[in-house]
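Worksheet: the structure to be examined is printed underneath.
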There are 2 protein chains.
Amino acid sequence: MDLFTDQGFDATSMREIAERLGISKPAIYYHFASKEEILMALHMRLHQLGKAALARLAGQTVTLQLWESLLNEVLDQMVAQRKLFLMHERNQAAMEKLHRLREHDQSHEDLEQRLRHALTDPSLPLGDRVRMACSLGAAFGGLFMFGNAFEDVPGADLRSLIGGVVHGIVADHSQPSPS
Amino acid sequence: MDLFTDQGFDATSMREIAERLGISKPAIYYHFASKEEILMALHMRLHQLGKAALARLAGQTVTLQLWESLLNEVLDQMVAQRKLFLMHERNQAAMEKLHRLREHDQSHEDLEQRLRHALTDPSLPLGDRVRMACSLGAAFGGLFMFGNAFEDVPGADLRSLIGGVVHGIVADHSQPSPS
DNA sequence: GTCTATATTTCGATAGAC
DNA sequence: GTCTATCGAAATATAGAC
């Protein structure tokens, strides 16, 4: 995961992975059928984390309110699994290739596909969809901008600050509260 | 640029580039000394665009107000050069490797380095720095989230919507206007 | 479960003709 | 400025012993 994050999946060889683990190259093939399977295993970790959020998206219209709730859930997981999300984010091309090769697997419904679908759903106002995309981008930016600019900041502090920003994006459109 | 964006720099071979251009592989080497030089040429396009913004960062403290002004400038360029920014964003690992190999070139001061420096400057409040990172992330998210979810939206419309969101992030902390 | 040794492919890059 | 032909290196993956 560290090598894929720092150098990229394609720029990381099985030789480097073996050296990092202190074993030989063929030893890796006892545990993983291919280099892609290693990436797939890492992806499945993230997929498991997203299953709950995925279920909440099933079928229903994605309102800004639902989006904020989902995003708060996802944000918690991003903070708890920063490295895993960063690896995923920095290897988008390799991840897409992975999905292209396994399109047959119908059971694998991806959170990312659903989010993309929500963002491109023309029945929602464009302004709302842009807010959704920006809020997700803001979360990624706060956690991962320039590699990991805030890696030394305690997760809880960062979580709280980013949560405030994200809330501002998806909620500041509403009328002032009557209170 | 398209191949690097879709497949990633490392997953794109000189053979594929040649085929896309309708020429042979050695013909490319007449124009570029190496595959890395092609990426470098694309990077320099972005570098030129960022020179003005870079100059405004020289030496002075980066306030939220300055940040918003810079970000608006950068946002205009992102809208005008969406593909170039997207290619850059999706090949961060390759870009960093490029910079590592040319560290000797002192004249090459990068906008990204400066932004990173501003985000990690401990003399600024953490809350402000997180807002900066989030606002930049929001801009990227709005333009590039999930590849290019809003590629069919006219640039001006998207620019305006994202500008509003970004302004909200870096400005909503201030006191209500006395008007 | 790990090793040494190796098969096979593909890559980036070059030689040299035109 | 572009081509055909090819080099050497490095990659993924496998064979087979232990």
Side-chain angles (χ1 to χ4, degrees), chain A residues 1-47 83-84 86-105 108, chain B residues 1-47 83-84 86-105 108:
Chain A
M1 184 167 69
D2 289 342
L3 287 171
F4 291 170
T5 303
D6 294 341
Q7 309 179 336
F9 174 77
D10 292 299
T12 301
S13 67
M14 295 296 266
R15 175 184 54 78
E16 287 173 299
I17 297 171
E19 281 172 8
R20 176 70 64 98
L21 295 174
I23 61 176
S24 72
K25 224 170 23 169
I28 301 176
Y29 284 93
Y30 177 83
H31 301 275
F32 297 94
S34 68
K35 186 182 162 189
E36 277 182 359
E37 283 297 323
I38 302 177
L39 188 63
M40 190 61 174
L42 289 166
H43 169 69
M44 289 313 287
R45 286 195 197 170
L46 210 58
H47 183 66
K83 286 175 113 179
L84 190 56
L86 184 55
M87 188 280 297
H88 203 266
E89 206 253 338
R90 292 191 41 144
N91 285 286
Q92 284 185 49
M95 288 296 178
E96 282 167 21
K97 188 174 180 182
L98 210 61
H99 278 61
R100 238 173 284 139
L101 295 175
R102 326 230 167 174
E103 234 169 357
H104 54 277
D105 186 355
H108 187 120
Chain B
M1 184 167 70
D2 289 342
L3 288 171
F4 291 170
T5 303
D6 295 340
Q7 309 179 336
F9 174 77
D10 292 299
T12 301
S13 67
M14 294 296 266
R15 175 185 55 78
E16 287 173 299
I17 297 171
E19 280 172 7
R20 176 70 64 98
L21 295 173
I23 60 176
S24 70
K25 214 167 40 165
I28 302 176
Y29 284 93
Y30 178 83
H31 301 276
F32 297 94
S34 68
K35 187 182 164 190
E36 278 182 358
E37 283 297 324
I38 301 177
L39 188 64
M40 191 59 174
L42 289 166
H43 169 70
M44 289 313 287
R45 286 195 197 169
L46 210 58
H47 183 65
K83 287 175 111 179
L84 190 56
L86 183 56
M87 187 280 297
H88 203 267
E89 207 253 337
R90 293 191 43 145
N91 284 287
Q92 284 185 50
M95 288 296 179
E96 282 167 20
K97 189 173 179 183
L98 211 62
H99 278 60
R100 239 173 284 136
L101 296 175
R102 326 230 168 175
E103 236 169 356
H104 53 278
D105 186 355
H108 187 119

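Just so you know, these numbers come straight off a predicted model, no measurement behind them. Every chain is numbered from 1, with letters handed out A, B, ... down the list of sequences.
The side chain of B:A27 lies closest to D:dT2 when the candidates are D:dT2, C:dA15, D:dT12. Among the nucleotides D:dT4, D:dA13, C:dG1, the one closest to any side-chain atom of A:Y29 is D:dA13. Here C:dC11 is the nucleotide among C:dC11, D:dT12, D:dT14 with the atom lying nearest to any side-chain atom of B:S13.
For the pair B:H31 NE2 and D:dC3 C1', the interatomic distance rounds to 13 Å; values are reported in whole Å. If you measure from atom CD1 of B:I23 to atom C1' of D:dT4, you get 15 Å, rounded to the nearest angstrom. When rounded to the nearest whole Å, the span between CZ of A:F9 and C1' of D:dA11 equals 12 Å. Atoms CD (B:E16) and P (C:dG12) sit 9 Å apart, rounded to a whole Å. Per the geometry, CD1 belonging to A:I28 stands 13 Å off P belonging to C:dT4, to the nearest Å. Between A:Y30 atom OH and D:dT14 atom P the separation is 16 Å, expressed in whole Å. Rounding to whole angstrom units, CD of residue B:E37 and C1' of C:dA13 are separated by 14 Å. Atom CG of B:L21 and atom P of D:dT2 are 10 Å apart (whole Å).
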Inset, instruction - Could you provide the dot-bracket string of DNA chain C, using ( ) for intrastrand pairs, [ ] for crossing pairs and | for bases paired to another strand, with Watson-Crick or G-U pairs below 3.5 Å? - result: ||||||||||||||||||
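A pairwise comparison of heavy atoms in A:R15 and A:K25 identifies N-CD, 3.7 Å as the closest pair.
Distances shorter than 4.0 Å separate some side-chain N or O of B:R15 from OP1 or OP2 on C:dC11. The phosphate of C:dC3 (OP1 or OP2) has a side-chain N or O of A:S24 nearer than 4.0 angstrom.
Results of the side-chain contact (heavy atoms from CB on, under 4.5 Å) test with B:R90 over A:E89, A:R90, A:E96 single out A:E96 as the only residue that passes.
A:D10 places no side-chain N or O within donor-acceptor distance of the main-chain N or O of B:G8, the cut-off being under 3.5 Å.
Atom OG1 of B:T12 is separated from atom CD1 of B:I17 by 6.5 Å, given to the nearest 0.5 angstrom. Distance CZ/A:F4 to CE/A:M95: 8.5 Å, rounded to 0.5 Å. Atom CZ of B:R45 and atom CE of B:M1 lie 6.0 Å apart (nearest 0.5 Å).
Of the charged side-chain nitrogens involved, none lies within less than 4.0 Å of a carboxylate oxygen, so that B:E16 and B:R20 do not count as a salt-bridged pair.
Mapping B:K25 and A:G22 onto DNA chain C by nearest heavy atom places A:G22 at the nucleotide closer to the 5' end.
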